[in-house]
Amino acid sequence: MPIGSLRPGPLVEQATERLREQILGGQWAVGARLPGEAALAASLGVGRSTVREAVRALSEAGLVKSRQGAGVFVVATEPHEDFGARLRRAAVAEVYEVRAVLEVQAARLAAERRTEEDVAALYSALAARRLAAGLDDAAFVDADIALHAAVVAAAGNPVLTDLFAEFAPVLREALIELVDLLGLRAAGPGTGEAGHAALVSAIASGGAGEAADAVGAELAATLARLRP
């Protein structure tokens, strides 16, 4: 039975959900072997890499298991945990991987190229983020993004600045999801304060390596929590 092609959107998440529905719907019983990557990709209308990531997500949820040389087999029809939450974490993790590529280099360049005006803007954005700790999640996320936007602006690369501006709406959505998923503000409403202060200080003092390390460590720690 054809699975049906997916609509435009986050393809890995959709492919994972579609395959899960087929397993829970009884198309493949426990012990059954899934079709190969090429067949699944054709049925879903996606690339084999998307299918591979979807199968990995199903494996992490405990629904399927890969057996070397034999294929992928259904081992359960109930996931280890709430499947929606797992998919939400996966989507946010993908955004954070892009952040790491973009922002680590932006921080390094900012430390090398910052002007007095850039440094003033960074400290102003840091202060605004501290004040936003007393506000709701959306306002806090907006202040956090404004600080990171100031870091990117200090890198002095218009293409990088435009790229971050295009990325910001997706980042905002992911950050609001992140606060909810991980309960980041439960322990402290100004979560990440020390790391952001260290980032601004490193840029202001011209420490390119320190600035890159500060933002890289923050993003890596979050990714580790998103992908247990």
Does atom CD of Glu173 have more than 12 heavy-atom neighbours from other groups under 6.0 Å away?
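No, the 6.0 Å shell around CD holds no more than 12 heavy atoms from other groups.
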Is the closest side-chain heavy-atom distance between [X] and [Y] below 4.5 Å?
| X | Y | result |
| --- | --- | --- |
| Phe167 | Val98 | yes |
| Leu34 | Val64 | yes |
| Val30 | Val75 | no |
| Leu58 | Thr16 | yes |
| Glu17 | Gln14 | no |
| Ile203 | Val119 | no |

Sequence-distant partners of Asp137, side-chain hydrogen bond (donor to acceptor under 3.5 Å, both in side chains), two or more places apart
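In terms of side-chain hydrogen bond (donor to acceptor under 3.5 Å, both in side chains), with neighbours along the sequence ignored, Asp137 is linked to Arg185.
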Answer yes if Val179 and Val170 sit in the same cluster of Ile, Leu, Val, Met, Phe, Trp and Tyr residues linked by side chain heavy atoms under 4.5 Å apart, and no otherwise.
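Same cluster: Val179 reaches Val170 through Ile, Leu, Val, Met, Phe, Trp or Tyr contacts under 4.5 Å.
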Would Leu122 and Val151 count as a side-chain contact (heavy atoms from CB on, under 4.5 Å) here? Give the steps.
CA-CA 7 Å; Leu122 285 167; Val151 172; 3.6 Å; yes
Which atoms form the tightest heavy-atom contact between [X] and [Y], and what is the distance?
| X | Y | result |
| --- | --- | --- |
| Gly31 | Phe73 | O-CD2, 3.5 Å |
| Ala76 | Gly62 | CB-O, 3.4 Å |
| Leu44 | Ala15 | CD1-CB, 4.0 Å |
| Ala132 | Ala143 | CB-CB, 3.6 Å |
| Ala214 | Ala198 | CB-C, 4.5 Å |
| Arg172 | Ala138 | NH2-CB, 3.7 Å |

Considering only residues two or more places apart or on different chains, which pairs with a residue in residues 64-75 satisfy side-chain hydrogen bond (donor to acceptor under 3.5 Å, both in side chains)?
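Every pair satisfying side-chain hydrogen bond (donor to acceptor under 3.5 Å, both in side chains) with a residue in residues 64-75: there are none.
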Sort and list the pairs that fulfil side-chain hydrogen bond (donor to acceptor under 3.5 Å, both in side chains) and have at least one residue in residues 155-171, not counting sequence neighbours.
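Applying side-chain hydrogen bond (donor to acceptor under 3.5 Å, both in side chains) to every pair that reaches into residues 155-171, excluding sequence neighbours, yields nothing.
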Can you tell me which residue pairs pass the salt bridge (charged side-chain N to carboxylate O under 4.0 Å, His left out) test with a partner in residues 199-216, sequence neighbours excluded?
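Residue pairs passing salt bridge (charged side-chain N to carboxylate O under 4.0 Å, His left out), neighbours aside: none found.
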What pairs of residues pass the salt bridge (charged side-chain N to carboxylate O under 4.0 Å, His left out) test when at least one of them lies in residues 38-51, not counting sequence neighbours?
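Checked against salt bridge (charged side-chain N to carboxylate O under 4.0 Å, His left out) - neighbours excluded - the pairs reaching residues 38-51 are Glu37-Arg48.
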Test side-chain contact (heavy atoms from CB on, under 4.5 Å) on Val200 and Leu147 and set out the steps.
CA-CA 9 Å; Val200 171; Leu147 173 56; 3.9 Å; yes
Find the distance between [atom1] ([X]) and [atom2] ([Y]) and round it off to the nearest 0.5 Å.
| X | Y | atom1 | atom2 | value |
| --- | --- | --- | --- | --- |
| Thr191 | Glu218 | OG1 | CD | 8.5 Å |
| Leu24 | Arg20 | CG | CZ | 5.0 Å |
| Leu126 | His196 | CG | NE2 | 8.5 Å |
| Phe140 | Leu184 | CZ | CG | 9.0 Å |
| Ser43 | Gln22 | OG | CD | 9.0 Å |

Under 3.5 Å donor-acceptor pairs involving side-chain atoms of residues 99-109, not counting sequence neighbours:
unit_1 : atom_1 : unit_2 : atom_2 : d
Arg99  : NE     : Glu103 : OE2    : 2.7
Arg99  : NH1    : Tyr96  : OH     : 3.2
Arg99  : NH2    : Glu103 : OE1    : 3.3
Arg99  : NH2    : Glu103 : OE2    : 3.0
Arg99  : NH2    : His148 : ND1    : 3.3
Arg99  : NH2    : His148 : NE2    : 3.4
Glu103 : OE1    : His148 : ND1    : 2.6

Could you walk me through whether Thr77 and Leu63 pass side-chain contact (heavy atoms from CB on, under 4.5 Å), step by step?
CA-CA 6 Å; Thr77 56; Leu63 294 176; 5.5 Å; no
Using only atom types and a distance under 3.5 Å, with no angle test, would you say the side chain of Ser205 pairs donor to acceptor with the backbone of Ser201?
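The answer is yes, because a donor-acceptor pair under 3.5 Å joins these two groups.
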Indicate yes or no for a side-chain donor-acceptor contact from Arg33 to the backbone of Val72 under 3.5 Å, with no hydrogens or angles considered.
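No, Arg33 side chain to Val72 backbone: no donor-acceptor pair under 3.5 Å.
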I would like to know whether Phe164 and Ile145 meet side-chain contact (heavy atoms from CB on, under 4.5 Å); could you show each step before the answer?
CA-CA 10 Å; Phe164 186 84; Ile145 291 174; 4.3 Å; yes
